[in-house]
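Below you'll find the structure, written out as structure tokens, and then a few comments.
Whatever order the structure lists ligands and atoms in, that order sets their numbers, starting from 1.
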Amino acid sequence: MQIGFIGAGKVATTFGRYLHDRGLSISGYYDRHDEKAATASEVTQSQSYPRAAAVVADSDIILITTRDDQIAGACEDLCRQPGISTRHLVGHMSGAHSSRILDKAGQRGAALFSLHPLQAFADADKALADLPHTYFSLESTGERLQPVKDMLAQMGNRYFSISPEHKSLYHISACILSNYLVTLMASGLTTLAHSGIDPREGFQAMRPLIECTLSNIARLGPAKALTGPIARGDVGTVDHHLQALRTWGLEDIESLYRHLGLQTLELAHQSALSSPEKAAAVRQLLERT
Ligand SMILES: NC(=O)c1ccc[n+]([C@@H]2O[C@H](COP(=O)([O-])OP(=O)(O)OC[C@H]3O[C@@H](n4cnc5c(N)ncnc54)[C@H](OP(=O)(O)O)[C@@H]3O)[C@@H](O)[C@H]2O)c1
């Protein structure tokens with residue numbers, strides 16, 4: 001089974017290295033920047049192709065690893081030439097799109113899939129080190145996926161299967177859990193900076209609390225991991241927080257606090273953390289502008 005890549009960027013190069021290290025066979029890379037294909041092929045002991053059609057000729061699994069908004073176009077270009085047939089499995093590695101954006105290859109008989117690694121590839125060496133623990137999602141509209149499942153088995157990674165219609169919700173979830181977590185941390189550190197504490201030191205100070213919370217979520221689930229004034233129905237403290245945010249002119253953080261506070265109240269309700277009367281009083285405060 002030969003695996004070829006169209007687009008030799010961050011993901012294709014690192015993922016290719018990972019596959020190669022695990023004994024899987026990479027046919028090679030095509031990229032519109034020759035030097036990128038050359039680098040990727042060098043680290044995976046594979047070919048650097050001058051044309052996409054050459055990847056098709058030499059590969060059974062073809063991964064289109066361009067940026068998300070380029071995948072459908074790259075697939076269309078590929079299908080304008082003869083080559084793609086029923087022997088091929090054509091996939092991409094985007095979390096945002098389903099394999100339906102590869103329909104043109106499907107019309108030529110290829111089996112379609114998307115295989116999304118739940119990790120960031122900003123730093124190649126870190127990404128390579130993280131890959132053994134990375135969970136993947138495998139989405140497909142059809143059958144004939146055994147070669148991709150065999151590839152995953154040889155990689156040794158865990159994965160779950162999802163349907164095309166669920167792909168957007170899955171990606172929204174990953175964005176909230178990863179990107180918005182960063183935004184949340186940044187908002188917490190902005191608030192801390194207003195109290196005169198250097199954000200770097202502040203983060204180090206808060207880190208055990210953050211890690212303990214993550215570990216509690218993993219162990220108990222979000223509702224049971226919840227602590228703090230909103231969960232307890234501590235009306236006085238919530239009122240005090242809102243006043244302080246207003247005093248310091250942190251309107252954006254105040255509206256974030258209110259919005260997340262209301263969601264937190266819902267979560268607290270699930271584990272009956274405070275009395276309905278206290279919860280109603282906190283809700284009234286959070287909804288009052
Ligand atoms: N980066 C991450 O952390 C991450 C994580 C999980 C999944 N993914 C997914 O992995 C995929 C690849 O992302 P990436 O970050 O590796 O992208 P990238 O570093 O931008 O690499 C894409 C490469 O493909 C080239 N390219 C674009 N259109 C092409 C075409 N028609 N033919 C040949 N080459 C073409 C690009 O050239 P130009 O630069 O000239 O466009 C670029 O060299 C995306 O679907 C992304 O959502 C990324």
Side-chain angles (χ1 to χ4, degrees), residues 3-19 26-44 46-59 61-81 83-84 90-102 104-105 112-140 148 152 155 157-160 162 164 167-168 170-179 181-182:
I3 305 159
F5 292 86
I6 311 270
K10 296 180 283 295
V11 172
T13 307
T14 307
F15 185 57
R17 267 173 82 189
Y18 182 65
L19 294 177
I26 310 294
S27 50
Y29 291 82
Y30 165 70
D31 193 288
R32 58 187 181 195
H33 306 276
D34 291 347
E35 69 285 0
K36 287 194 184 180
T39 304
S41 64
E42 200 179 309
V43 294
T44 54
S46 65
Q47 297 288 314
S48 168
Y49 295 111
R51 289 172 299 109
V55 178
V56 174
D58 283 0
S59 313
I61 297 179
I62 300 163
L63 283 165
I64 301 184
T65 40
T66 61
R67 285 196 310 275
D68 287 4
D69 56 355
Q70 301 165 321
I71 296 170
C75 184
E76 274 175 35
D77 288 349
L78 207 60
C79 294
R80 265 190 213 109
Q81 312 148 41
I84 296 283
V90 179
H92 66 71
M93 299 190 72
S94 162
H97 297 288
S98 77
S99 57
R100 286 189 173 133
I101 60 168
L102 304 171
K104 285 273 185 293
L112 308 181
F113 67 97
S114 65
L115 180 67
H116 179 238
L118 276 160
Q119 80 155 67
F121 286 73
D123 173 335
D125 288 334
K126 167 102 176 57
L128 189 64
D130 287 343
L131 265 169
H133 320 289
T134 297
Y135 233 104
F136 285 72
S137 69
L138 175 61
E139 171 278 325
S140 174
V148 179
L152 280 156
M155 285 157 56
N157 287 73
R158 288 185 293 173
Y159 69 96
F160 44 67
I162 55 171
K167 191 82 194 256
S168 296
Y170 154 82
H171 195 240
I172 290 167
S173 160
C175 286
I176 294 174
L177 291 168
S178 172
N179 310 152
L181 179 62
V182 177

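- Given atom 9 (C) of ligand 1, the protein heavy atom at minimum distance is Met93 O, 3.3 Å.
- The single protein non-hydrogen atom nearest to atom 4 (C) of ligand 1 is Val11 CG2, 3.5 Å, given as residue, atom name and distance.
- At a threshold of 4.0 Å, the pair Asp125-Arg17 counts as salt-bridged, since one of the basic side-chain nitrogens sits closer than that to a carboxylate oxygen.
- Counting the atoms of ligand 1 from 1 in the order shown, those under 4.0 Å from a heavy atom of Asp68 are 44 (C), 45 (O), 46 (C), 47 (O).
- Taken to the nearest 0.5 Å, the CD atom of Glu139 stands 13.0 Å off from the NE2 atom of His171.
- At a heavy-atom distance under 4.0 Å, no atom of His92 approaches ligand 1.
- Each of the atoms 32 (N), 33 (C) of ligand 1 lies under 4.0 Å from some heavy atom of Tyr30.
- Of all atoms in ligand 1, numbered sequentially from 1 with element shown, those under 4.0 Å from a heavy atom of Pro117 are 6 (C).
- The closest protein non-hydrogen atom to atom 17 (O) of ligand 1 is Arg67 CG, 4.0 Å.
- Not a single donor-acceptor pair under 3.5 Å links the side chain of Ser114 to the backbone N or O of Gly91.
- Of the protein's non-hydrogen atoms, the one nearest atom 21 (O) of ligand 1 is Gly9 CA, 3.2 Å.
- How far CD1 of Ile162 is from OG of Ser168: 9.0 Å, rounded to the nearest 0.5 Å.
- For atom 27 (C) of ligand 1, the nearest non-hydrogen atom from the set Arg51, His33, Gln70 belongs to Gln70.
- Counting heavy atoms closer than 4.0 Å to ligand 1, residue Arg32 contributes atoms from both its backbone and its side chain.
- Within the 3.5 Å criterion, the main-chain N or O of Thr134 finds a donor-acceptor partner in the side chain of Asn157.
- Looking only at protein heavy atoms, the nearest one to atom 3 (O) of ligand 1 is Phe121 N, 2.8 Å.
- For the pair Ser27 (side chain) and Ile3 (backbone), a donor-acceptor distance under 3.5 Å is present.
- For atom 30 (C) of ligand 1, the choice among Asp31, Thr66, Thr65 with the nearest heavy atom turns out to be Thr66.
- For Lys10, heavy-atom contacts with ligand 1 shorter than 4.0 Å involve the backbone as well as the side chain.
- The distance from atom CE of Met93 to atom CG of Leu63, rounded to the nearest 0.5 Å, is 6.0 Å.
- Proximity to Gly7 (heavy-atom distance under 4.0 Å) selects the following atoms of ligand 1: 24 (O), 34 (N).
- Without hydrogens or angle criteria, His33 side chain to Gly7 main chain gives no donor-acceptor distance under 3.5 Å.
- Ala52 and Leu78 make their closest contact through CB-CD1, 3.5 Å (heavy atoms, listed as atom of the first residue, atom of the second, distance).
- Remark: ligand 1 atoms within the under-4.0 Å shell around heavy atoms of Ala74 are 31 (N).
- Which parts of ligand 1 touch Ala120 is read off a 4.0 Å heavy-atom cut-off, strictly below it: atoms 3 (O).
- Residue contacts with ligand 1 include Gln119, since one or more of its heavy atoms lies under 4.0 Å from the ligand.
- Side-chain atoms of Tyr29 come within 3.5 Å of backbone atoms of Ala12 as a donor-acceptor pair (strictly under, hydrogens ignored).
- Panel note: side chain Ser59, backbone Val56; no donor-acceptor pair is recorded below 3.5 Å.
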